[in-house]
Amino acid sequence: MAILKLYSSSVTACTRRTATVLHELKIPFELIEVDVLSGAHKTPEFLKFQPFGQVPYIDDDGFILYESRAICRYVAAKHPRSGLIPTDPKANALFEQATSIELTNFEPSAGKAGLPFYLKKLGWRDDLTDVPANLEILDKKLDAYEAILSKQRYLAGDTLTLADLFHLPYAGFVSLGSDIMTRPNRPNVARWYNELVSRPAWLAYQDGVKTTTEY
Ligand SMILES: N[C@@H](CCC(=O)N[C@@H](CS)C(=O)NCC(=O)O)C(=O)O
C-alpha cells in the first residue's frame, strides 16, 4: 500500500493539526510541500483536488480528502483502538460536543488572536491590530473551558480525543504572544494546555513537519 501523502504547506495551522494527529497515530506519511506564498494552492492542478484552493488535502492510496478535521477523523477512524474518536454513543456525543466547542467557541477568536503573532514570527506580516479584541473574547471563552476542565481531564471526558488535539495549532500560535492559555486563574486550562503541548506528537512538529516514512 502506498504511503499517505499530505499535500500542504508545513507552516500552516491546518497542516500542524493534521500532522500532529498523524504523528499521534504513528501513521507514516509524506509531506508534499505546497508553496502557498507563490500561490501554488490556487493553480488549476491543485483546485482539481481541493476546489477551495486551501491546504491541506491527502491522497491515501488514491483516496482524496480535504478539510483538516475531516482528515483527522478519517485517519483516526482507521485506527479505532486509539480511542481518539469514542464509539460508545454517549461518549461519542460528548466528543461531538467537544469538537463543536473547538470549532465555534475556540477557533474564531484564537485564530484571529494567534495568527498575527505567528505571521509576525515568520516575518510575513507585522499587524497586531485585531489581537486585543480577540484575546478579550477568547478570555471569556476560556472561563467556560475552565468550568469544563475542572470536572474532567479532557474536553470530552477523561480520555484524550481528537477534540483536544484540534486546539493545538491556534493555542500554540496564541501562546507566542500571550499567556492566556496558562494563567493562574484558570489552573485546569493551564494543566490541559501544558499536557497537550508536551505530547511527543506535537513536539515532533516544532521545527516544521517531520515527514515520517516509518515508526
Ligand atoms: N477548514 C479548512 C481550512 C483550510 C484553510 O483555511 N487552510 C489555510 C491554511 S490553515 C489556507 O490554505 N490558507 C491559504 C488560503 O486560504 O489561500 C481546513 O481545516 O482544512
Side-chain angles (χ1 to χ4, degrees), residues 4-25 27 29-60 63-78 84-85 95-96 98-128 130-131 134 138 155 161-177 196-197 201-202 204-211:
L4 185 148
K5 291 191 175 58
L6 173 62
Y7 288 82
S8 203
S9 158
S10 54
V11 296
T12 64
C14 305
T15 308
R16 288 176 175 241
R17 178 177 296 117
T18 309
T20 299
V21 171
L22 288 168
H23 280 300
E24 186 76 36
L25 292 165
I27 296 175
F29 68 97
E30 179 185 352
L31 178 85
I32 316 291
E33 191 74 35
V34 176
D35 184 1
V36 291
L37 280 183
S38 72
H41 55 318
K42 306 294 182 193
T43 61
E45 186 53 34
F46 189 91
L47 293 174
K48 275 188 219 160
F49 300 104
Q50 214 294 4
F52 296 96
Q54 295 175 319
V55 290
Y57 77 84
I58 59 163
D59 178 343
D60 184 25
F63 177 63
I64 305 293
L65 189 68
Y66 52 85
E67 284 291 334
S68 61
R69 292 173 184 81
I71 295 168
C72 294
R73 284 168 183 265
Y74 165 68
V75 293
K78 284 177 79 172
L84 290 180
I85 302 179
F95 163 73
E96 291 298 344
T99 58
S100 194
I101 290 170
E102 185 273 328
L103 193 59
T104 60
N105 282 300
F106 185 78
E107 177 173 307
S109 54
K112 290 193 193 96
L115 199 55
F117 290 139
Y118 184 56
L119 293 177
K120 185 171 177 183
K121 184 185 168 203
L122 291 178
W124 289 8
R125 201 192 310 155
D126 188 1
D127 179 1
L128 302 182
D130 292 340
V131 169
N134 282 291
L138 183 60
L155 203 54
T161 68
L162 286 183
D164 304 291
L165 298 174
F166 284 174
H167 290 75
L168 271 166
Y170 286 121
F173 287 178
V174 166
S175 300
L176 292 172
L196 289 179
V197 291
W202 177 248
Y205 197 89
Q206 291 312 294
D207 300 317
V209 177
K210 302 270 189 301
T211 297

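Both ligands and their constituent atoms are indexed starting at 1 by order of listing.
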Check whether any heavy atom of Val55 sits under 4.0 Å from an atom of ligand 1.
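Within the 4.0 Å threshold, so yes.
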TODO: Decide whether the shortest distance between a heavy atom of Ser9 and an atom of ligand 1 is less than 4.0 Å.
DONE: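 Under 4.0 Å: no for Ser9.
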Assert yes or no for the condition that the ring centre distance of [X] to [Y] is strictly below 6.0 Å.
X	Y	value
Phe173	Tyr118	yes
Tyr74	Phe63	yes
Phe46	Tyr7	no

For [atom], what's the nearest protein heavy-atom neighbour? Residue, atom name and distance, please.
atom	value
atom 19 (O) of ligand 1	Ser68 OG, 2.6 Å
atom 10 (S) of ligand 1	Cys14 SG, 2.6 Å
atom 14 (C) of ligand 1	His41 NE2, 3.6 Å
atom 6 (O) of ligand 1	Gln54 NE2, 3.3 Å
atom 17 (O) of ligand 1	Lys42 NZ, 2.8 Å
atom 1 (N) of ligand 1	Glu67 OE1, 2.6 Å

**Pair Thr12-Ser9, side-chain donor/acceptor within less than 3.5 Å** =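 On atom types as modelled, these side chains do not qualify, holding no pair under 3.5 Å.
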Practice prompt. Using only heavy-atom distances, determine whether the side chains of Ser68 and Arg16 contain a donor-acceptor pair under 3.5 Å.
Written response: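 Not at all, the side chains of Ser68 and Arg16 share no donor-acceptor pair under 3.5 Å.
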| message | Taking 4.0 Å as the limit for heavy-atom contacts, which would you say applies to Thr12 with ligand 1: side chain only, backbone only, both, or neither? | response |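 Near ligand 1, Thr12 shows its side chain, while the N, CA, C and O stay back.
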- request: Could you list which atoms of ligand 1 come closer than 4.0 Å to a heavy atom of Pro56?
  value: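 Listed by number with element, the hits are 20 (O).
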Exam field: side chain Thr161 to backbone Ala163, donor-acceptor pair closer than 3.5 Å:
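Checked: pair present.
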(request) Can you see which heavy atom on Phe52 is nearest to which on Lys42, and at what distance? (result)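 Of all heavy-atom pairs spanning Phe52 and Lys42, the closest is O-NZ, 4.0 Å.
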